[in-house]
Amino acid sequence: MGEQGPSGAKKTAKKTNASAPRTAAERTPPGTEPATGSATAAGKSAPATGKSAPARRAAKAAASPKSPEPAASPKPAKRAKPAKPESPTALVRRARRINRELAEVYPYAHPELDFENPFQLIVATVLSAQTTDLRVNQTTPALFAKYPTPEDLAAADPEEVEEILRPCGFFRAKTKSVIGLSKALVENHKGEVPGRLEDLVKLPGVGRKTAFVVLGNAFGRPGITVDTHFQRLVRRWKWTEETEPDKIEAAIGALFPKSEWTMLSHHVIFHGRRICHARKPACGACPIAPLCPAYGEGETDPEKAKKLLKYEKGGFPGQRLKPPQSYLDAGGTPAPPLGAAG
């Protein structure tokens with residue numbers, strides 16, 4: 001509201017937005033541009049001052065509140081060029097180089113089941129399903145002491161065998177398998193373990209994996225053992241994308257000479273058990289890290305990785321109670337018997 005002066009004239013307070021343009025025009029000296037916001041409440045333009053329309057538009061643009069200029073868009077980061085697919089020849093070279101490196105790290109690689117003959121090996125391999133080789137090795141001495149031949153085990157009392165095999169887990173099913181296996185050996189093969197793949201896979205409880213373990217380590221006939229460690233590592237190394245054991249066997253067999261298949265299996269399985277673990281591989285202690293496309297999935301710090309090493313690499317006992325001399329010479333330690341302290 002305005003105040004009453006001595007003369008009774010009403011002094012206006014600050015002009016409203018509607019009167020601001022007119023008053024500003026009156027105060028503007030001739031020849032100059034009106035102040036910013038000179039449009040009337042009715043939307044009429046302020047009086048022209050003689051400047052050209054372009055000049056007025058420029059001045060108006062300069063006087064109007066400036067909207068913030070959009071920030072300059074950052075240049076999109078250059079996408080890394082996707083790695084070229086590995087050619088079949090490059091894959092063969094890399095796979096064979098990995099095997100050579102592993103052969104230097106594990107010159108003593110061997111089947112980690114204790115056995116003295118083909119019969120003991122095939123039985124131990126059947127028992128190793130769903131348990132560790134160590135547990136099998138701790139269990140079979142009592143089994144083979146009581147039933148040293150296929151004829152003995154074929155005629156065994158199932159309940160007595162079950163009691164011996166109880167520490168292996170699934171002891172009832174395994175008892176049925178090893179007794180059935182022994183009977184088949186007696187009835188069809190004169191108590192001898194056959195040395196052909198087609199005969200082995202017909203035996204109760206024997207699949208291709210077990211058959212190749214027996215062929216490679218009891219008969220010296222090359223075979224690829226596709227166990228869980230082997231499957232995990234060859235896929236981690238991008239040697240194959242196959243998931244079925246038979247297809248993995250075929251894919252890997254195509255990368256190596258047949259003469260290398262058995263020792264390749266030992267190298268890969270040894271590495272999977274000692275360094276390239278399923279959940280937390282010891283990448284920082286891995287001898288083939290430069291060749292591994294999965295490097296970094298596990299612990300990369302060298303000191304921390306060393307603490308993840310198992311068996312002889314970590315200073316711990318191996319899985320066999322009676323390991324080969326080459327393993328002992330390399331610093332490996334025999335596993336303790338069943339029931340031993342520690």
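Not measured: the values here are computed from a predicted model.
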Backbone N/O of Ser265 and side chain of His267: donor-acceptor pair under 3.5 Å
no
Are Val136 and Phe316 connected into the same hydrophobic cluster when the rule is that any two of I, L, V, M, F, W, Y join if their side-chain heavy atoms are below 4.5 Å apart?
no
Please check this pair: side chain of Arg232 against backbone of Cys276, looking for a donor-acceptor N/O pair closer than 3.5 Å.
yes
Is the closest basic N to carboxylate O distance between Arg236 and Glu297 below 4.0 Å?
yes
Of all residues at least two apart in sequence or in a different chain, which pass the side-chain contact (heavy atoms from CB on, under 4.5 Å) check with Pro167?
Arg135, Thr139, Leu338
Less than 4.5 Å apart, side chain to side chain, heavy atoms only: is that true for Lys202 and Asn188?
no
Looking at Ala90, is its backbone amide N or carbonyl O close enough to the side chain of Ser87 to form a donor-acceptor pair, meaning the two atoms are under 3.5 Å apart?
yes
Would you mind writing out the side-chain donor-acceptor pairs for residues 318-326 within the sub-3.5 Å range, not counting sequence neighbours?
unit_1, atom_1, unit_2, atom_2, d
Gln319, OE1, Asp133, N, 3.3
Gln319, OE1, Leu134, N, 2.8
Gln319, NE2, Tyr311, OH, 2.8
Arg320, NE, Asp114, OD1, 2.9
Arg320, NE, Lys322, O, 3.4
Arg320, NH1, Pro111, O, 3.0
Arg320, NH2, Lys322, O, 3.4
Gln325, NE2, Asp329, OD1, 2.9

In Å and rounded to the nearest 0.5 Å, what is the CD to CD distance from Glu242 to Glu244?
7.5 Å
Any side-chain to backbone donor/acceptor pair from Glu299 onto Asp301? Under 3.5 Å, distance only.
yes
Ion pair check, Glu249 and Lys209, cut-off under 4.0 Å
no
Checking side-chain contact (heavy atoms from CB on, under 4.5 Å) for the pair Lys306/Lys313: CA distance, chi angles, key distance, verdict?
CA-CA 9 Å; Lys306 285 181 182 178; Lys313 293 298 176 183; over 6 Å; no
For the residue pair Trp261 and Arg221, establish whether any side-chain heavy-atom pair is separated by less than 4.5 Å.
no
Parallel, tilted or perpendicular, judged at 30° and 60°: which one describes the rings of Phe270 and Tyr327?
perpendicular
Measure the spacing between NZ of Lys176 and CD of Glu162 and express it to the nearest 0.5 Å.
11.5 Å
Any idea which heavy atoms bring Ser177 and Val126 closest together, and the distance?
CB-CG1, 4.0 Å
Same cluster (ILVMFWY, side-chain, under 4.5 Å), Ile164 and Phe170:
no
Could you check Leu200 against Ile122 for side-chain contact (heavy atoms from CB on, under 4.5 Å), going step by step and ending with a plain yes or no?
CA-CA 9 Å; Leu200 286 169; Ile122 195 170; 4.0 Å; yes
In residues 212-219, what donor-acceptor pairs under 3.5 Å come from side-chain atoms, sequence neighbours left out?
unit_1, atom_1, unit_2, atom_2, d
Asn217, OD1, His266, NE2, 2.8
Asn217, ND2, Val213, O, 2.9

Path from Val206 to Leu143 over hydrophobic side-chain contacts below 4.5 Å:
yes
Specify the closest pair of heavy atoms between Pro317 and Pro334, including all atoms of both residues, with the distance to one decimal.
CB-O, 3.6 Å
Single-linkage hydrophobic cluster, 4.5 Å side-chain cutoff, Leu113 and Leu153 together:
yes
When rounded to the nearest 0.5 angstrom, what distance separates CD1 in Ile224 from CZ in Phe256?
8.0 Å
Is it true that atom CD of Glu192 has more than 12 heavy atoms of other residues, nucleotides or ligands lying nearer than 6.0 Å?
no
Intermediate values then yes/no, salt bridge (Lys or Arg N to Asp or Glu O under 4.0 Å), Arg94 and Glu86
CA-CA 10 Å; Arg94 182 170 63 86; Glu86 193 172 31; 2.8 Å; yes
If you measure from CD on Gln120 to OG1 on Thr125, what distance do you get to the nearest 0.5 Å?
11.0 Å
Asp199: what forms a side-chain hydrogen bond (donor to acceptor under 3.5 Å, both in side chains) with it, not counting sequence neighbours?
Arg196
Not counting sequence neighbours, which residues clear side-chain contact (heavy atoms from CB on, under 4.5 Å) with Pro158? List them please.
Thr175, Ile179
Could you give me the CA-CA distance, side-chain angles and deciding distance for Glu241 and Val234, then say whether side-chain contact (heavy atoms from CB on, under 4.5 Å) is met?
CA-CA 9 Å; Glu241 297 295 328; Val234 298; over 6 Å; no
Under 3.5 Å donor-acceptor, Asn117 side chain and Thr149 backbone:
no
What about Phe171 and Leu181, same hydrophobic cluster or not, with Ile/Leu/Val/Met/Phe/Trp/Tyr joined at side-chain heavy-atom distances under 4.5 Å?
yes
Is it the case that more than 12 heavy atoms not belonging to Glu159 sit under 6.0 Å from its CD atom?
no
Between the side chains of Arg96 and Glu260, is the shortest nitrogen-to-carboxylate-oxygen separation below 4.0 Å, so that they form an ion pair?
no
So, taking the atom named CG in Asn99 and the one named CG in Leu255, what distance separates them when rounded to the nearest 0.5 Å?
10.5 Å
Nearest atoms (heavy-atom pairs only) where Pro293 meets Lys238
CG-CG, 3.4 Å
Return all side-chain donor-acceptor pairs below 3.5 angstrom for residues 277-290, not counting sequence neighbours, or 'none' if the list is empty.
unit_1, atom_1, unit_2, atom_2, d
His277, NE2, Arg274, O, 3.2
His277, NE2, Leu308, O, 2.8

Distance-only, no hydrogens or angles: does the Glu312 side chain make a donor-acceptor pair with backbone N or O of Ala330 under 3.5 Å?
no
Counting only heavy atoms not in Arg166 (residues, nucleotides, ligands), do more than 12 fall under 6.0 Å from its CZ?
yes
Minimum heavy-atom distance Pro222-Thr262, with the two atoms named:
CA-OG1, 3.4 Å
Go through it in stages, so that I can follow the logic: the residues are Leu185 and Phe119, the test is side-chain contact (heavy atoms from CB on, under 4.5 Å), and I'd like the CA-CA distance, side-chain angles, deciding distance and then a yes or no.
CA-CA 9 Å; Leu185 292 176; Phe119 172 63; 4.0 Å; yes
Heavy-atom nearest pair, Ala154 first then Ser182, reads N-CB, 3.7 Å
Is there side-chain contact between Leu102 and Met263, with at least one heavy-atom pair below 4.5 Å?
no
Is there a side-chain contact between Thr210 and Leu203, using heavy atoms and a 4.5 Å cut-off?
no
Parallel, tilted or perpendicular, judged at 30° and 60°: which one describes the rings of Trp237 and Trp239?
tilted
Heavy-atom donor-acceptor pair, Arg273 side chain to Lys310 backbone, under 3.5 Å
no
Can you name the closest pair of heavy atoms from Ala211 and Leu197 and give their distance?
CB-CD1, 3.5 Å
Calculate, to the nearest 0.5 Å, the distance between atoms CD1 and NE2 belonging to Ile98 and His271 respectively.
8.5 Å
With distance as the sole test, does Thr300 use its side chain to make a donor-acceptor pair with the main-chain N or O of Gly296 at under 3.5 Å?
no
